[in-house]
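Everything on this sheet refers to the single structure shown next.
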2 protein chains.
Amino acid sequence: MTGRGPGWSAVRDRLHARILDRTYAPGAKLPRDADLADELGCARSTVQRAMRALDEAGLVERRRRGGTTVRADPVRRATFDIPVIRREVEGAGHRYGYVLRSRDRAEPPPAVARALGASAPMLRVRATHLADGRPYMGEDRWISLATVPEIAAVDLAAESANAWLVRHRPFDRCDLGLYASAADAEDAAVMDVAPGTALLIVERATFIAGAPITWVRAVTAPGYRLTATV
Amino acid sequence: MTGRGPGWSAVRDRLHARILDRTYAPGAKLPRDADLADELGCARSTVQRAMRALDEAGLVERRRRGGTTVRADPVRRATFDIPVIRREVEGAGHRYGYVLRSRDRAEPPPAVARALGASAPMLRVRATHLADGRPYMGEDRWISLATVPEIAAVDLAAESANAWLVRHRPFDRCDLGLYASAADAEDAAVMDVAPGTALLIVERATFIAGAPITWVRAVTAPGYRLTATV
DNA sequence: ACGCCGAATATGTAGCTACATATTAAAGGC
DNA sequence: GCCTTTAATATGTAGCTACATATTCGGCGT
């Protein structure tokens with residue numbers, strides 16, 4: 001509509017281009033929001049909306065009174081979508097399967113107790129997710145019986161602990177770790193690979209309102225890869 | 001100040017709590033923004049600001065006229081900060097080092113050509129980043145001479161290609177892949193580990209304005225892990 | 001009953017005022 | 001010259017109007 005200036009995304013792109021071509025060099029201070037608004041022919045709130053996007057992308061740093069500066073060492077943020085395993089398997093056109101290998105009530109090992117900040121006995125669940133009948137992801141999971149007592153009554157042979165928790169105990173915080181590991185005898189048996197095979201491991205700890213929910217070490221099939229686009 | 005309703009972050013938290021306690025169950029439609037504003041005693045734009053945050057977190061899905069729904073399968077987004085290697089090494093209290101192993105002008109292999117969408121001869125650079133004199137990350141990199149012709153004149157023994165590119169050719173798009181690999185003879189020699197050792201591999205392709213900049217396969221030291229908190 | 005079209009609707013956005021607040025810089029005293 | 005205090009400043013936010021637009025649903029015709 002006539003009379004309206006450029007949109008917030010057009011402003012973001014203009015400013016991003018100036019960062020890329022070094023009109024605004026790393027470490028440099030940008031003009032005040034109000035001055036940019038005058039120059040670009042839009043409102044200060046439009047500039048602010050654009051700047052928030054650049055801030056979230058890790059390109060600039062904003063301070064009240066202090067103004068806006070281009071980050072000298074831009075932090076590169078890669079966002080990976082971590083899908084529900086079943087959705088991932090079926091989305092790739094495979095048949096999903098699930099096998100409960102064991103469930104016990106036991107004291108968590110020190111590393112798990114540290115990660116969750118709890119050491120009371122927990123429910124330990126070992127299970128395998130299958131794609132077309134072959135191991136796709138093996139998981140070794142500890143679930144807090146203090147936070148999720150009702151898990152004790154769930155038939156985890158019929159439904160994966162993860163699927164149950166997603167529906168009954170969503171988390172508000174999750175700690176993630178990714179690393180490579182050579183399959184030991186147990187991993188090798190679970191994933192049906194030769195011992196020593198290089199596997200990607202995803203470790204996850206989830207919490208709700210500061211209370212621990214679950215800790216899980218997921219072993220992925222050989223060739224498994226996580227992808228993202230920044 | 002009196003007369004002002006709750007802030008956008010308080011609204012976001014209220015709505016998030018209702019998603020978590022299943023007042024709004026997965027797949028359910030949320031009340032209209034205007035109705036929520038009336039109920040919570042704030043402006044519609046405040047509700048919108050809160051909703052945008054929930055949308056970005058992958059918890060809800062917004063459509064004009066269609067309203068807001070709770071995602072039935074919440075996509076779990078994990079954002080990893082991928083630091084500059086030098087900063088990572090020095091930040092951990094180690095001494096950073098860099099060694100250029102080779103540089104050649106060659107035709108990229110098919111997988112690289114596909115990832116970059118280009119097949120003209122490129123500059124191939126193999127280098128190692130060190131922490132306290134030991135291999136920390138080994139990289140095998142292809143740089144487009146069409147997009148970055150000036151790299152041909154850069155002394156890559158004195159400065160890593162990555163450091164140079166960050167300053168002179170920032171990207172506006174980056175494709176990332178993470179996977180585990182058993183060290184072959186070359187990886188083993190580069191990283192000074194036994195062949196077959198499980199290593200985390202980070203593959204990255206960057207672009208500017210649709211043109212390819214570089215493709216790199218980075219081999220990390222044993223024990224290297226990426227972490228994130230959602 | 002089905003398909004198409006148009007109106008209604010719910011969210012998205014531009015811009016504005018007024019107020020809030022974190023931060024910076026200048027002034028004054030020692 | 002240094003330290004403290006205070007005022008100024010640049011960004012952050014709440015709320016509002018008006019307009020934009022993607023989507024949905026109802027009505028009408030066949």
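Chain letters run A, B, ... following the sequence lines, proteins first and then strands; every chain starts at 1.
- Atom-to-atom, CZ of A:Arg44 to C1' of C:dA14 comes out at 14 Å; the value is rounded to the nearest Å.
- Between B:Leu59 and B:Val70 there is no side-chain heavy-atom pair separated by less than 4.5 Å.
- Note: CZ (A:Arg62) to C1' (C:dA22) measures 13 Å, nearest angstrom.
- Taking the six-membered ring where the residue is Trp, A:Tyr136 and A:Tyr224 present perpendicular rings, their angle passing 60° and hence far from 30°.
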Pick out the pairs of N or O atoms, protein on one side and nucleotides 21-24 of chain D on the other, that lie under 3.5 Å.
unit_1 : atom_1 : unit_2  : atom_2 : d
D:dT21 : O4'    : B:Arg64 : NH1    : 2.6
D:dT23 : O4'    : B:Arg64 : O      : 2.9
D:dT24 : O2     : B:Arg65 : NE     : 3.4
D:dT24 : O2     : B:Arg65 : NH2    : 3.4

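- Between the CZ atom of B:Arg12 and the P atom of D:dA14 there is a distance of 11 Å, rounded to whole Å.
- Inter-residue side-chain proximity for A:Val11 and A:Arg14 is flagged as unmet; no heavy-atom pair is nearer than 4.5 Å.
- OP1 or OP2 of C:dA14 has not a single side-chain nitrogen or oxygen of A:Ser45 nearer than 4.0 Å.
- In this structure, B:Arg52 places its CZ atom 7 Å from P of C:dT13, rounding to the nearest Å.
- Residue A:Gln48 has a polar side-chain atom (N or O) positioned under 4.0 Å from OP1 or OP2 of D:dG12.
- Rounded to an integer number of Å, the gap from A:Trp8 CH2 to D:dC19 P is 23 Å.
- Considering only side-chain N and O atoms, B:Thr68 lies nowhere under 4.0 angstrom from the phosphate OP1 or OP2 of C:dA10.
- Atom CG in A:Asp38 sits about 14 Å away from atom C1' in D:dA10, given to the nearest Å.
- One interatomic measurement links the two molecules: CE of B:Met51 to P of C:dT11, which rounds to 7 Å at whole-angstrom precision.
- With rounding to the nearest 0.5 angstrom, the OH atom of A:Tyr96 is 8.0 Å from the CG atom of A:Leu130.
- The SG atom of B:Cys174 lies 12.0 Å from the CD1 atom of B:Ile208; values are rounded to the nearest 0.5 Å.
- Considering all non-hydrogen atoms of both residues, B:Ala161 and B:Tyr98 come closest at N-OH, 4.1 Å.
- Spacing between atom CG of A:Asp33 and atom P of C:dA22 amounts to 17 Å, rounded to whole angstrom units.
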*Decide side-chain hydrogen bond (donor to acceptor under 3.5 Å, both in side chains) for A:Arg86 and A:Asn162; before the verdict, give the C-alpha distance in whole Å, the side-chain angles of both, and the deciding distance to 0.1 Å.*
CA-CA 10 Å; A:Arg86 180 176 197 140; A:Asn162 195 67; over 6 Å; no

